[in-house]
Amino acid sequence: MILLLSFLPNNHNSYLALRKTIKESASNFEQADGTKCQITQSLLPTLSFEAVLEVDISGCLKLPLEDAIDYFSNSFPFLRRVKAAYLLNFKMTTLYRLIQKCSLVSEVDITVDVNPLISSQLSVISSSSAVVSMAPNRAYFVGDKFSMTSLYHLGPSPSNITKLTLEGRSDVCDSHIQYISKFCASLCYLNLKGCISVTDVCMANLIRRCTKLQSLLVCHTSFGMNSILALCNASPSFSNSPSAQFGKRPLDSLASNLQLLHMGGCKCADEASLLELLSQNQMLKSLCLRDTNLADSALCSFSGSLLEVLDVSNTMISGAALHHVVCTNPGLKCLNARGCKNLFQPENTKKEAKISSSYSCEELFIELGKTCRLEEIALGWGLSYFSLQALKPAILSLRAMTVCLGGTLPEDSLRLLPTTCPLLESLVLYFQVISDCMIINILTSLRQLRTLALCYCFGDISNSSFNLSMPNLRILKLERVTPWMTNNDLVLLARNCANLVELSLLGSKLNSDAQCIISHGWPGLISLHLEDCGEVTENGVSSLFNCIALENLLLRHNGSGIQRNFILEAASKMPMLRQVSLDVCDAKEGDFDLPDDADRYSLRIVKIARCKSTRCNVGSHFADTTRKPVHRETLVLVWNSTNVVRTVVKERL
């Protein structure tokens with residue numbers, strides 16, 4: 001109401017009456033949830049903002065969503081785009097209400113953080129779930145029998161939704177997808193990344209109904225053979241038998257019209273189905289096959305020539321197969337092939353006829369340098385000084401470079417990066433040899449650098465590497481490269497990198513005063529990771545609460561002084577905090593209190609690692625052996641709109 005009052009001109013005929021009512025009802029605003037607000041809506045004028053096309057209410061936890069949607073429909077008659085990310089109380093029924101009330105809306109984004117348990121193969125020790133009760137600002141749909149069931153059977157008119165993002169929504173199930181497939185038939189873009197409760201059969205049915213789909217993001221879902229069959233067959237009445245359908249290639253299949261397909265981590269798709277799918281993707285511009293069963297035969301069957309983005313990381317493809325794709329896609333701008341251990345190893349004896357038997361590993365880089373103009377690249381195995389030289393023509397406009405395990409760039413190559421890639425904005429190095437001279441040269445020459453990550457690198461660097469102003473740097477990760485770092489060095493870093501929004505330090509000699517340095521030096525941090533950083537939390541956590549913009553916080557092995565109620569306190573004092581990662585080793589009382597839904601605030605994910613002590617023999621001349629903490633297990637709590645899932649895994653997350 002106060003916000004609305006600020007919009008009204010002083011001479012508006014409702015202004016005085018509304019102002020008087022607000023003053024009389026001031027006591028009603030003392031409750032944070034707004035349930036005592038008694039202002040009569042009849043006093044409020046309906047203001048129309050016809051120029052408003054987009055509304056972003058991401059992270060607005062206290063906003064009564066149903067009332068907000070009513071206001072949107074009245075005040076923004078030409079609203080086209082709605083973003084409501086990181087709101088777990090934005091349920092699917094809320095989405096249906098939005099679709100009905102704001103009939104012109106064509107794009108909706110209700111993203112939440114993806115469940116960390118689905119991004120890799122994990123050893124689950126135990127798992128359980130419990131229903132949570134959302135506590136909205138007022139009762140949902142008071143006096144309105146609005147539900148998914150009634151909506152589905154009442155049959156509302158088809159919506160204008162063409163772009164829908166449901167990323168991370170593990171609470172989305174088959175019944176929700178059935179509604180979307182029935183009333184959002186005009187979908188061109190659909191993001192279901194991390195929607196683990198949706199079955200392959202249901203996705204296949206949606207694909208058959210939404211025949212205008214051009215962009216499909218289904219990473220880490222059950223997307224498999226049924227969905228691929230639906231993409232590869234034009235007829236909606238094809239059988240469910242894979243053997244009966246693969247091999248038939250209709251010219252009007254949905255796969256032939258896709259421009260974006262991201263299916264990273266979809267292990268349900270076998271090699272044969274991937275081969276069939278890729279053979280029909282003539283129009284693809286962006287393709288992600290990360291962590292899939294991709295093999296050379298499938299990649300060589302790719303029929304497109306318009307690729308701009310290709311991600312084949314952590315697959316078993318060879319350099320020869322990748323070379324084939326590069327040759328036929330000269331417009332490639334982004335290539336991610338990290339973790340491909342077979343990329344530059346001797347090829348298999350069984351090869352596709354398309355691939356020349358005389359192929360050598362250097363041909364891939366030569367072809368990239370000759371054919372493409374890359375903007376982003378991530379490579380590991382096979383990357384060397386000679387391959388970087390061959391790449392030179394292709395990376396003159398490079399903006400992001402990641403060198404991973406298996407790649408070996410000598411110091412001379414790294415020192416020449418500012419000349420080779422003068423437009424670099426992001427540089428990430430894993431397991432490379434670095435030095436002060438190299439880092440100073442990079443930071444001095446690449447003045448537009450926004451991201452710098454030095455992770456598990458070798459060589460000796462000192463604080464002189466960061467003794468120069470870097471106002472453009474936004475993300476800095478120093479992991480196992482600065483064991484000498486003290487509070488004084490951190491002060492220097494804060495002075496020279498004043499605009500950081502993400503900071504990760506792993507391995508240093510900080511003490512509890514570092515909290516104050518961080519909160520004063522970078523009050524706008526949204527991500528902070530501190531691990532093995534001396535005694536930062538030896539006396540508990542206090543000053544870090546001043547970093548009220550934090551969304552992601554990791555504190556591990558920094559001193560056993562963190563208070564028992566830390567998670568609850570952090571959630572209440574950091575309103576944007578969605579992810580917290582801790583270690584029981586740092587708990588002052590040996591454990592942490594876990595939040596329930598009422599005091600969770602924005603929290604979506606909590607990870608608590610637990611260690612065990614092992615004996616470390618330091619020699620028979622010592623009377624006692626020392627004990628070293630070794631990881632044992634990780635407790636992961638993940639909330640969604642309906643329940644909280646509690647899982648214990650062996651891995652350290």
Side-chain angles (χ1 to χ4, degrees), residues 61 65 84-96 110-136 140 147-149 166-180 192-203 218-224 265-268 552 565 567-568 570-571 577-584 591-610 632-653:
L61 298 179
L65 295 175
Y86 312 118
L87 291 176
L88 295 187
N89 61 331
F90 197 111
K91 299 184 178 182
M92 292 303 290
T93 47
T94 314
L95 174 63
Y96 307 150
I110 54 173
T111 296
V112 296
D113 296 295
V114 174
N115 189 329
L117 298 176
I118 64 175
S119 60
S120 59
Q121 298 295 324
L122 298 171
S123 304
V124 177
I125 299 174
S126 65
S127 183
S128 62
S129 64
V131 176
V132 299
S133 57
M134 288 292 173
Y140 279 117
S147 68
M148 193 195 74
T149 303
L166 303 175
E167 182 172 323
R169 290 275 172 176
S170 56
D171 50 334
V172 172
C173 59
D174 285 1
S175 59
H176 302 134
I177 298 300
Q178 288 171 9
Y179 173 89
I180 291 170
L192 294 176
K193 179 180 178 181
C195 294
I196 55 178
S197 301
V198 181
T199 64
D200 182 33
V201 172
C202 186
M203 279 188 274
V218 288
C219 298
H220 304 298
T221 66
S222 299
F223 182 89
C266 294
K267 299 289 188 180
C268 297
N552 187 326
N565 67 340
I567 299 176
L568 310 180
L577 191 63
R578 303 195 308 271
Q579 298 188 46
V580 173
S581 302
L582 303 171
D583 197 301
V584 174
D591 210 346
F592 295 105
D593 292 332
L594 299 177
D596 55 29
D597 195 65
D599 50 16
R600 179 184 55 80
Y601 295 88
S602 294
L603 273 182
R604 154 81 167 161
I605 299 168
V606 172
K607 295 182 285 188
I608 302 177
R610 187 185 302 275
R632 177 183 175 185
E633 61 192 18
T634 304
L635 169 66
V636 182
L637 282 80
V638 181
W639 283 266
N640 59 34
S641 67
T642 58
N643 60 18
V644 55
V645 179
R646 177 186 178 123
T647 307
V648 179
V649 298
K650 290 183 179 180
E651 290 77 8
R652 183 176 177 84
L653 297 178

Taking every non-hydrogen atom, the tightest pair across [X] and [Y]:
X	Y	result
M92	I110	SD-CD1, 4.4 Å
S197	S170	OG-O, 2.7 Å
N643	A130	CB-O, 3.0 Å
L122	P116	CD1-O, 4.3 Å

Just verifying a value: how many Å separate [X] [atom1] and [Y] [atom2], rounded to the nearest 0.5 Å?
X	Y	atom1	atom2	value
D599	Y601	CG	OH	7.0 Å
S175	I180	OG	CD1	9.5 Å
N89	T94	CG	OG1	7.0 Å
L87	T111	CG	OG1	10.5 Å

Any heavy-atom pair between the side chains of [Y] and [X] that's under 4.5 Å?
X	Y	result
R600	V644	no
S602	L577	no
V114	E167	yes

side-chain contact (heavy atoms from CB on, under 4.5 Å) involving [X] - partner list, sequence neighbours excluded:
X	value
T221	M203, V218, F223, C266
I125	E633, V648, K650
V606	I567, L603, I608, L637, W639
T647	L117, V124, S127, V645, V649

### Task
Determine whether more than 12 heavy atoms belonging to other residues, nucleotides or ligands lie under 6.0 Å from atom CZ of R652.
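Yes, CZ of R652 has more than 12 neighbouring heavy atoms, counting only those of other groups under 6.0 Å.
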
### Message
If the condition is salt bridge (Lys or Arg N to Asp or Glu O under 4.0 Å), which residues does D596 pass it with, not counting sequence neighbours?
### Response
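Partners of D596 by the salt bridge (Lys or Arg N to Asp or Glu O under 4.0 Å) criterion come out as none, since no residue qualifies.
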
### Message
Holding to salt bridge (Lys or Arg N to Asp or Glu O under 4.0 Å), I want the full list of residues that pass it with D200, two or more places apart in sequence or in another chain.
### Response
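Counting only residues at least two positions away or on another chain, D200 forms no salt bridge (Lys or Arg N to Asp or Glu O under 4.0 Å).
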
### Task
Could you walk me through whether D171 and S641 pass side-chain hydrogen bond (donor to acceptor under 3.5 Å, both in side chains), step by step?
CA-CA 7 Å; D171 50 334; S641 67; 2.3 Å; yes

### Query
Can you tell me if Q579 uses its side chain to pair, donor with acceptor, with the backbone of R604 under 3.5 Å?
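No, because the side chain of Q579 does not come within donor-acceptor range (under 3.5 Å) of the backbone of R604.
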
### Message
I'd like to know whether V112 forms a side-chain contact (heavy atoms from CB on, under 4.5 Å) with L88, so could you lay out the CA-CA distance, the side-chain angles of the two residues, the decisive distance to 0.1 Å, and finally the verdict.
### Response
CA-CA 7 Å; V112 296; L88 295 187; 3.6 Å; yes

### Query
Does the pair R578/D113 count as a salt bridge with the N-to-O cut at 4.0 Å?
yes

#### Entry: V584, L582, L594 screened by side chain to side chain contact (heavy atoms under 4.5 Å, CB included) with L635, the one that passes
L594

